[in-house]
There are 2 protein chains.
Amino acid sequence: MARTDTRFRQAHNQMLDHLRTLPHDAPLASEVQFATRLGVSRTVVRAVMQKLAADGILRQDGRGKRLVRAPRDKDRLPLRDDYIGRDELEARFLDWVLRFDVPAGTALNITQLARQFNVPTHALQEFLASLGQSGLIERRPRGGWRLLGFTADYAVELSEFRQVLELNAVRSFAALPADHPAWADLARVRDEHLDLLSRIERDYHDFSRLDGRFHALINSVVQNRFVAEFQKVISLIFHYHYQWDKTMERFRNEAAIGEHLRIMTALEARDGPAAEAAARTHLATSKETLLSSMRGHHLA
Amino acid sequence: MARTDTRFRQAHNQMLDHLRTLPHDAPLASEVQFATRLGVSRTVVRAVMQKLAADGILRQDGRGKRLVRAPRDKDRLPLRDDYIGRDELEARFLDWVLRFDVPAGTALNITQLARQFNVPTHALQEFLASLGQSGLIERRPRGGWRLLGFTADYAVELSEFRQVLELNAVRSFAALPADHPAWADLARVRDEHLDLLSRIERDYHDFSRLDGRFHALINSVVQNRFVAEFQKVISLIFHYHYQWDKTMERFRNEAAIGEHLRIMTALEARDGPAAEAAARTHLATSKETLLSSMRGHHLA
DNA sequence: ATTGTGCTTTTAATGATAAAAATCACCGCT
DNA sequence: AGCGGTGATTTTTATCATTAAAAGCACAAT
């Protein structure tokens with residue numbers, strides 16, 4: 001077969017919902033209006049109209065379209081469980097790779113993966129291609145894909161790259177003019193750190209999100225699409241690993257809060273070099289945590 | 001139809017070439033040996049063998065395969081002009097985008113582009129997806145692709161990103177131990193600069209390649225797959241723009257050689273800060289050149 | 001002039017299909 | 001038994017025809 005008619009079915013059902021709100025024998029809006037309202041092309045609207053006319057729900061002659069009878073529940077078209085979207089696919093794929101510790105060098109099987117993730121093979125192909133630049137995946141010369149895998153090497157290089165980007169961001173941050181809105185954000189995030197620190201015993205789990213916000217803030221002062229793109233990969237991977245390594249979690253998080261605070265204090269004092277040094281320390285810790293988490297997971 | 005049989009045809013012709021070197025009635029090697037020699041799977045070898053047997057060129061019963069008659073020229077299978085490879089596609093695509101100055105926001109037409117570049121639609125899809133991270137291209141929500149375009153913004157951000165990476169590389173370079181092989185490479189590249197400078201009047205065109213080698217050398221000391229990946233994009237784009245902006249080319253190149261030499265002198269003196277400063281100057285010039293080249297091209 | 005509809009053309013997502021690779025099963029020889 | 005080979009079968013992936021959806025065109029009605 002070809003394209004799914006999911007769009008048609010959804011539009012059809014939405015149209016039923018709309019018709020139900022209308023009084024009997026009411027005149028209907030134009031095709032273009034419906035098209036924009038439902039977010040589909042006019043072709044789909046026309047197909048829906050025709051179906052509805054055939055089912056005796058409305059009558060159409062030219063532009064004089066009218067409601068004939070109220071739609072019933074059995075008029076709805078069932079829609080098969082749809083394919084998952086791109087973001088969902090990304091999440092599931094990374095989860096699979098990282099959680100099951102797929103060995104480096106594994107040849108990926110498109111068909112099998114496509115079934116596993118419930119996507120058409122094409123979508124998977126495209127997804128893998130888009131992952132190409134992240135260095136996790138490689139195209140085999142004679143077709144097929146190979147998972148390069150999330151190795152220790154990879155983690156080291158990722159951390160170093162992260163360090164390059166983030167130290168640069170810290171330097172830029174320290175040089176911001178006093179009236180830049182980022183300073184207000186920084187004060188807010190600092191308070192959140194202090195707040196979390198006061199109740200760390202109980203809520204140490206909340207650190208992961210705060211960590212994400214902190215690094216996002218630091219990097220936000222560098223307006224650069226390439227940096228932003230990589231930041232996505234980086235935060236994704238670090239985020240995933242934080243989820244597992246539960247050893248010493250409370251301790252690690254408390255220490256990390258301290259390191260964050262030192263960076264922020266130095267920044268607020270406009271002391272660039274001190275901020276850079278503090279950031280360097282923090283990133284080193286972060287790298288160590290990532291590596292040890294990998295070692296632990298690998299032995300498991 | 002399905003997969004092309006290009007592989008089969010190529011293997012077939014290669015096999016003919018091989019058979020021609022053999023004496024009459026000679027016994028042939030095993031299928032596996034041919035498979036590895038021709039770089040294809042055994043299935044293809046068998047298909048070729050069968051065809052050759054059907055054409056009366058060889059006789060096969062079990063493992064006793066023998067040459068029956070020498071192959072003639074008309075036994076060769078014609079192979080239709082094959083699809084172009086990935087690198088070729090990349091080159092052509094960038095050439096198209098940059099040279100024809102395709103306006104930002106243009107919706108790309110897969111089918112048309114596939115015809116234009118002589119690739120199957122699928123290959124193009126995959127290529128566009130792989131370009132996703134480069135920020136030149138965007139997936140439209142309801143299918144299709146949009147060219148974000150090579151705008152001034154893009155050039156600025158690319159240059160800044162390049163600066164972050166390359167300054168980091170320069171710092172690493174200055175800190176290398178004295179016995180690192182990169183120092184020898186540096187001396188060689190420096191001599192090449194001096195050499196080109198002495199004959200700049202005539203050979204100023206040769207600078208583009210030397211420039212590429214210089215920056216590649218600087219970045220080679222950072223062993224990082226992410227850096228390497230981006231370096232590819234960066235050098236590609238800068239390379240393309242160098243090709244057009246012919247204004248003042250001789251002057252620009254001479255000046256650039258001087259800037260390169262200053263960086264190298266500082267490096268050889270192990271003066272990190274001086275090298276960084278020189279690199280900063282050079283990258284600023286480079287950025288200006290790129291921007292002005294774009295302005296010139298845009299008005300044309 | 002604007003808004004709407006009927007009809008046609010174009011485009012891209014999907015599944016079927018065939019080529020190629022990988023795997024299995026078995027044989028003959030040492 | 002173990003190695004090197006062939007025959008047959010089973011995946012697996014690149015390509016293409018097909019169809020839903022979008023875009024475009026011409027004209028009618030207000």
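Every heavy atom of this structure was used, including side-chain atoms; hydrogens, water molecules and symmetry mates were not. Lettering follows sequence order; numbering is per chain, from 1.
Across all strands shown, A:L113 has no heavy atoms under 4.0 Å from either base or sugar-phosphate atoms. Within the nucleic acid shown, A:S30 comes within 4.0 Å of sugar-phosphate atoms alone, with no base atom in reach, counting heavy atoms only. Residue B:L124 is out of contact with every strand shown, counting any heavy-atom pair closer than 4.0 Å. Counting any heavy atom pair closer than 4.0 Å across all strands shown, A:Q33 reaches sugar-phosphate atoms only and no base atom. Within the nucleic acid shown, A:R115 has no heavy atom closer than 4.0 Å to any nucleic acid atom. Counting any heavy atom pair closer than 4.0 Å across all strands shown, A:T121 reaches no nucleic acid atom.
Atom CD of A:Q60 and atom P of C:dG6 are 7 Å apart (whole Å). Between the CG atom of B:L108 and the P atom of D:dA22 there is a distance of 19 Å, rounded to whole Å. The NE2-P distance, from A:H122 to D:dC16, rounds to 12 Å in whole Å. Distance CD (B:Q116) to P (C:dT11): 13 Å, rounded to an integer number of Å. Distance, A:L77 CG to D:dA20 P: 14 Å, rounded to whole Å. Nucleotide C:dT5 holds its P atom 10 Å from the CG atom of A:L28, rounded to whole Å. Taking atom CD of A:Q50 as the reference point, atom C1' of C:dC7 lies 12 Å away to the nearest angstrom. Atom CD in A:Q112 sits roughly 11 Å away from atom P in D:dT11 (whole-Å rounding).
In terms of position on DNA chain D, the residue among A:G39 and B:D61 whose nearest nucleotide sits closer to the 5' end is B:D61. Place B:I110 and B:R7 on DNA chain C by their nearest nucleotides, and B:I110 ends up nearer the 5' end.
Scanning all heavy atoms of the two residues, the minimum distance from B:R140 to B:A107 falls at NH1-CB, 4.0 Å. Shortest non-hydrogen contact noted between B:A152 and B:L291 is O-CD2, 4.2 Å.
Of the listed nucleotides (D:dA22, D:dA21, C:dT5), C:dT5 has the atom at the smallest distance from the side chain of A:V32. Checking D:dA14, D:dA22, C:dG6 against every side-chain atom of A:Q125, the shortest atom distance belongs to D:dA14. Of the candidate nucleotides D:dT6, C:dT3, D:dC16, C:dT3 has the atom lying nearest to any side-chain atom of A:R63. You'll find that the side chain of A:T43 is closest to D:dA21, out of D:dT12, D:dA21, C:dA21. Taking every side-chain heavy atom of B:V44 into account, C:dA21 is the closest of C:dA13, C:dA21, D:dT13. The side chain of B:R42 lies closest to C:dC24, out of D:dA21, C:dC24, D:dC16. Residue B:R139 has its side chain nearest to C:dA13 when only C:dA19, C:dA13, D:dT12 are considered. Comparing atom distances between the A:P120 side chain and each of C:dT14, C:dA13, C:dA19 picks out C:dT14 as nearest. Of the candidate nucleotides C:dA22, C:dT5, D:dA8, C:dT5 has the atom lying nearest to any side-chain atom of A:K65. For A:R142, the side-chain atoms get nearest to C:dA21 when compared with the rest of C:dA12, C:dA21, D:dG7.
Aromatic ring orientation, A:F226 versus B:F161: tilted (interplanar angle from 30° to 60°).
Annotation for A:R76: atom CZ counts as buried by contact number, over 12 foreign heavy atoms lying within 6.0 Å.
You'll find the side chain of B:R37 reaches within 4.5 Å of the side chain of B:H18, heavy atoms only.
Expressed to the nearest 0.5 Å, how far CD of B:E126 lies from CG of B:L89 amounts to 10.0 Å.
Side-chain nitrogen and oxygen atoms of B:S41 include none within less than 4.0 Å of the OP1 or OP2 phosphate oxygen of C:dA20. Phosphate contact (OP1/OP2 of D:dT13, side-chain N/O of A:N109, threshold under 4.0 Å): present. For B:R46 and C:dA20, the shortest distance from a side-chain N or O to OP1 or OP2 is not below 4.0 Å.
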Stepwise side-chain contact (heavy atoms from CB on, under 4.5 Å) test for B:D153 and A:R225: CA-CA 10 Å; B:D153 274 358; A:R225 68 193 77 189; 3.7 Å; yes

